[in-house]
Protein chains: 2
Amino acid sequence: MGGVSAAVGRPSRRSDALSRERIIATAVAILDADGESALTFRSLAAALATGPGAIYWHVANKDELLAAATDAIVAGVTAAAPADASPHDQIRTVALGLFDAIDAHPWIGSHLAREPWQLASMRIVEAMGSRLTDLGAPAAQHFNVATALASYVCGAAAQNAANARSASPDVDRDTALATAARRWTELDEAEFPFVRRIAAQLPGHDDREQFLAGVDLILAGTARP
Amino acid sequence: MGGVSAAVGRPSRRSDALSRERIIATAVAILDADGESALTFRSLAAALATGPGAIYWHVANKDELLAAATDAIVAGVTAAAPADASPHDQIRTVALGLFDAIDAHPWIGSHLAREPWQLASMRIVEAMGSRLTDLGAPAAQHFNVATALASYVCGAAAQNAANARSASPDVDRDTALATAARRWTELDEAEFPFVRRIAAQLPGHDDREQFLAGVDLILAGTARP
DNA sequence: ACCTGAACACCGTTCAAGT
DNA sequence: ACCTGAACACCGTTCAAGT
């Protein structure tokens, strides 16, 4: 403790000093407000009232920035465990929480698909896998079931988010679904008989229920006690 | 037929004339040879011996170019049906074919996640769903099972491809898995008990078997005849 | 130790001008 | 109808120079 003089004479640190946390929080704010294309080292620097080069002192590059932003959101969801519910319901709750979070922050979806063993993905595998013992699944299945659930959740949620994002904001959901259903029925009958048949179920279907049905399928496939 | 004079006096079309097909085929070649970052309107134009602006006459933008390139590969996989196998084996074969195709062309993975209802995704849903009747799944389940399978296949394959891509080429698979396993065991015990426990199964596991296990879980979860 | 901002080496896309 | 290529409006990233 002796001899440290640099910080003594200085006024207390400005509350708006740069830091990794503040950079990531600001990045999340930009991503949420204006989408993935709005996050730029220049726009981020402007929001932080500094130059683009300053950010590189705290963050290696844009990929690391996105990974950190993704982890911040995912950690918030997986940490909120229901605890008193059945293991099946716990898994459903966490999965749905991730689905909603990716729907609310669509940029997570694009990133999760390309950072497989990063911290955020590990949190998802942990959230799924740690409930499998209570569920009664045999230990030999745990690895495959947990990673299958994680893959499904990421894949389905990313596609749902991309879908919601690509919809023009001035078209309501019902007419968008009706348009999609009509396009499905216009596909070639010889090549797409199945898609044409299920097109009728597209309007009025619930995205979250459809998502949970997939989770239930995987859980139903695991051996029961 | 009368009065058309423009094409008459001309020499026969050069075989290297620009066309949508040639543009997409060349784009696939660049993507496969040097990866996603190598595909540029400038590099593509150079490979086609023209200027970047010429490409825009045949393709609306880069997204459409990637969608068309993705569809070209996916169509090749879903069209190759086994026919004489059991419906379960047919689904496994198509799923594994997609897994291998995405492993061989990793750029498909990143694109599939963000073009949900595009033609390539429809082909995957069709390939899965059209076998469900023979499998004995009740019609009420078809919609959910087919889309769940498609989401899982895309999600798992995209992550696998991203994983393979991020591995440095001078490190062999065994040591890469060993390194990943060690990193898993170094995670916080309180936060990641499950991941630490399954880390031992990481070395020596087979990516394709793990992938197929997920397909089997979903199929096992569907009601049987 | 940390910040600044000009500069480098690129992008996707457009568009007047050509044939 | 289709092609050309310069130009526009950007990017991520680096780095000498500052404090």
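Residue numbers begin at 1 in each chain, while the letters A, B, ... track the order of the sequences.
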Taking the six-membered ring for Trp, are A:Phe194 and B:His142 parallel (under 30°), tilted (30 to 60°) or perpendicular (over 60°)?
-> tilted

Take atom CG of B:Asp63 and atom C1' of C:dT13, then tell me their distance rounded to the nearest Å.
-> 13 Å

Pairwise P distance, D:dA9 and C:dA9 [rounded to whole Å] = 22 Å

B:Leu65 and B:Ala27 have their tightest heavy-atom pair at CD1-CB, 4.1 Å

Interatomic distance, A:Arg42 CZ vs D:dG12 C1' [rounded to whole Å] = 7 Å

A:Ile55 CD1 - D:dG12 P separation (whole Å) | 10 Å

Out of C:dC3, C:dA7, C:dT13, which nucleotide sits closest to the side chain of B:Phe41?
-> C:dT13

Strand DNA chain D in bracket notation, Watson-Crick/G-U under 3.5 Å with | for pairs to another chain = ||.|||||...|||||.||

Once base and sugar-phosphate atoms are separated, protein heavy atoms under 4.0 Å mark nucleotides 14-19 of chain D, 5' to 3', with B, S and - as BB----

A:Ser121 and A:Glu115: CA distance, side-chain angles, deciding distance, side-chain hydrogen bond (donor to acceptor under 3.5 Å, both in side chains) verdict | CA-CA 8 Å; A:Ser121 302; A:Glu115 58 138 351; 4.9 Å; no

Contact check, residues 30-40 of chain A vs DNA chain D, heavy-atom distance under 4.0 Å, returns A:Leu39, A:Thr40

Do the side chain of B:His205 and the main chain of B:Leu202 share a donor and acceptor less than 3.5 angstrom apart?
-> yes

Hey, are B:Glu126 and B:Thr78 close enough side-chain-wise for a donor-acceptor pair under 3.5 Å?
-> no

Could you measure between the two C1' atoms, the one in D:dA7 and the one in C:dC11, and give it in whole Å?
-> 14 Å

Of all the nucleotides listed (C:dT13, C:dA1, D:dC2), which has the minimum atom distance to the side chain of B:Asn61?
-> C:dT13

